[in-house]
Amino acid sequence: MNKEYETVIGLEVHVELATKTKIFCSCSTAFGSAPNTHTCPVCTGMPGSLPVLNKKVVEYAIAVGLATGCEINQYSKFDRKNYFYPDNPQNYQISQLYLPICHDGGIEIETQAGTKMIGIHEIHMEEDAGKLIHDDWEEVSLVDYNRSGVPLIEIVSEPDMRSAEEVIAYLDKLRMIIQYLGASDCKMQEGSMRADVNLSVRKLGSKEFGTRTEMKNIGSFKAIARAIEAEKARQIDLLESGESVVQETRRWNDEQGYSYAMRSKEDAQDYRYFPEPDLVPIEVSDQWLQKIRGRQPELRDQKYKRYVEQYGLPAYDAQILTSAKKLADLFEEAVKLCEKPKKVSNWLMGETMRLMKEHSMDPEDIAFSPVNLAKLIVLADAGTINGTVAKEVFEQVFANDIDPDQYVEQKGLKTVNDEDALRKTIAQIIEDNPKSVEDYHNGKEKAIGFLVGQTMKAMKGKANPGMVNQILKELL
Amino acid sequence: MEQIKTGKNVISDQTIEYVGILAKLELSEEEKQAAKKDMERMLDYIDKLNELDTSQTEPMSHIFSVKNVFREDVAEHVDGGEDTLANAPERKDRAFVVPKTVDQ
Ligand SMILES: [Zn+2]
């Protein structure tokens, strides 16, 4: 029965911009401070205070617009969206309704059926609200205005997506573009990227849209996929049983796996927009636009091509390394230092990925410096440390960003290339393990492995494996 | 200013009720009647303005011919918390206290 229906999805994505200060005042946007530290009369809506626009916000918004194929409104302005809620001390949010900074763009996503263009209706600038914390002990809520006035862009897509898979691909692509631009870190868990999902269903082949619902602020890609599946099923059930879908805002409860209609704030969805009288219009000259265009960094698709062509990396490596700006930056910095692209790629794709998975980390959480990765590669490549030791040292680099040169020196991990010392140890091992020696002479090649192991153990893993093999065979 | 006498517009009880809800105002019956009169006169005034032919006029978004007033992205305040909280009707530690909100 689901096959007869088509799901139509549009997204409103809010992204917190990576500026140092808020959109209309010089309060810091830093995370993790005590409640209300970063506040002033402007961002707490004190009467008589006047907002002044942060230029960087305009530049980031335009950069995202250009990277997503949008037209830039060279004449743009702000409007007031009026609503009462304790997270909004002014009783209005300064946003853009009539002349948003960017419009009519789109990005291509990869789907199982091939490449698909998802239209972007508009991108506008606005301010974030404060944070409400519920008091566990009393029937009250606590308000922290540190996020109030933090700059946001809202990216409004066309209703071009037809499945959860397409939605995730779109979000992923968007996140990547914005991260590459440095306009935001786009961390869904920390709320610097949030998505509202507008969804309706219609009979396959129908040209008209069904009634849509909106699900607000879903916290992760996985939760979005689950919310979409559940809402699609709910709407189809309603229609199949002869009922109709009500246009409303719903909240998705990911733990319980269902959504419910929101009341409260949404009771009166009448925002009575009007032009913001406290802010003057923005006129983006051709020159300014050109300057921003000239500063656009290399985006993923270009980077991917360059990694294959310039560094001779396999397509698979280039794909993974460019999948997060953090990885790409680490790669390029480390290669600059050690000039061994494939080795750097191997460490990033192998051990780094393994440890990230082990600690459930995102690439953005990687804390080691390219300098220390490059040093490690140089040590391993010169044979100063062997492969086993290199992995050990890398774990320290990964966890504590230690300096491999110092670490290897202090812990005495250098490969022992001293042939005499090695000969003595091996002679002893042979004497201690007559059974293995006999096995070896009887044609059991595997026995040599055991003897190599014993030697490495005796040398605390620091022996040069090539040398161990060679001397062993000689002495046997 | 020309006196507006036309009086074409009528604000219904329903509308004044709705506007009151949006503005978070509780109005007495007398206040409602007075507000209705005011709003009717405002709408009449707008009707009067609409008599002007503006088909050749560019829409104006701001009354001053000023544009591009910007700040550089440099942080200034260190900690505005105490000043901000001085305005809190009720506070708990460093936060404002408000009646419990739902659905957040
Ligand atoms: Zn402020």
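Just so we're on the same page: letters track the sequence lines, and every chain starts at 1. Below, all heavy atoms of this structure are taken into account, side chains as well, without hydrogens, waters or symmetry copies. Computed from a predicted model, the values in this text were never measured in an experiment.
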Measuring from [X]:[atom1] to [Y]:[atom2], what's the distance to the nearest 0.5 Å?
{"X": "B/R71", "Y": "A/K56", "atom1": "CZ", "atom2": "NZ", "value": "13.0 Å"}
{"X": "A/T19", "Y": "B/E72", "atom1": "OG1", "atom2": "CD", "value": "12.5 Å"}
{"X": "B/D93", "Y": "A/L142", "atom1": "CG", "atom2": "CG", "value": "8.5 Å"}

Does any heavy atom of chain B fall under 4.5 Å from the side chain of [X], the backbone, both, or neither of them?
{"X": "A/L279", "value": "backbone"}
{"X": "A/K55", "value": "both"}
{"X": "A/D144", "value": "neither"}
{"X": "A/L17", "value": "neither"}
{"X": "A/E138", "value": "both"}
{"X": "A/Y145", "value": "side chain"}
{"X": "A/C43", "value": "neither"}
{"X": "A/V57", "value": "neither"}

- Item | Least distance between heavy atoms, A/F84 atom then B/L22 atom | CE1-O, 3.0 Å
- Query: Between A/K20 and B/D73, what is the shortest heavy-atom contact and its length?
  - Reply: N-OD2, 2.8 Å
- Message: Looking only at heavy atoms and a cut-off of under 4.5 Å, which of B/V74, B/V98, B/D83, B/T84 has the most pairs with chain A?
- Response: B/V98
Using non-hydrogen atoms and a 4.5 Å limit, figure out which bit of [X] sits close to chain A: side chain, backbone, both or neither.
{"X": "B/V97", "answer": "both"}
{"X": "B/A23", "answer": "backbone"}
{"X": "B/N68", "answer": "both"}
{"X": "B/K92", "answer": "side chain"}

- Just do the side-chain contact (heavy atoms from CB on, under 4.5 Å) check on B/E76 and A/T21 with the steps written out, would you? CA-CA 9 Å; B/E76 269 170 21; A/T21 63; over 6 Å; no
- Item | Leading residue by heavy atom contact count with chain B [cutoff under 4.5 Å; candidates A/E283, A/H38, A/E139] | A/E283
- Query: With chain B, which of A/P275, A/G130, A/P86 has the greatest number of heavy-atom pairs at distances under 4.5 Å?
  - Reply: A/P86
- Message: Counting only heavy atoms from other residues, nucleotides and ligands, does the tally under 6.0 Å from NZ of B/K32 exceed 12?
- Response: yes
- Heavy atoms under 4.5 Å from chain B: which residues of residues 26-36 of chain A carry them? A/S26, A/C27, A/S28, A/A34, A/P35, A/N36
- Item | Non-hydrogen side-chain atoms of B/L85 and A/T39 separated by less than 4.5 Å | no
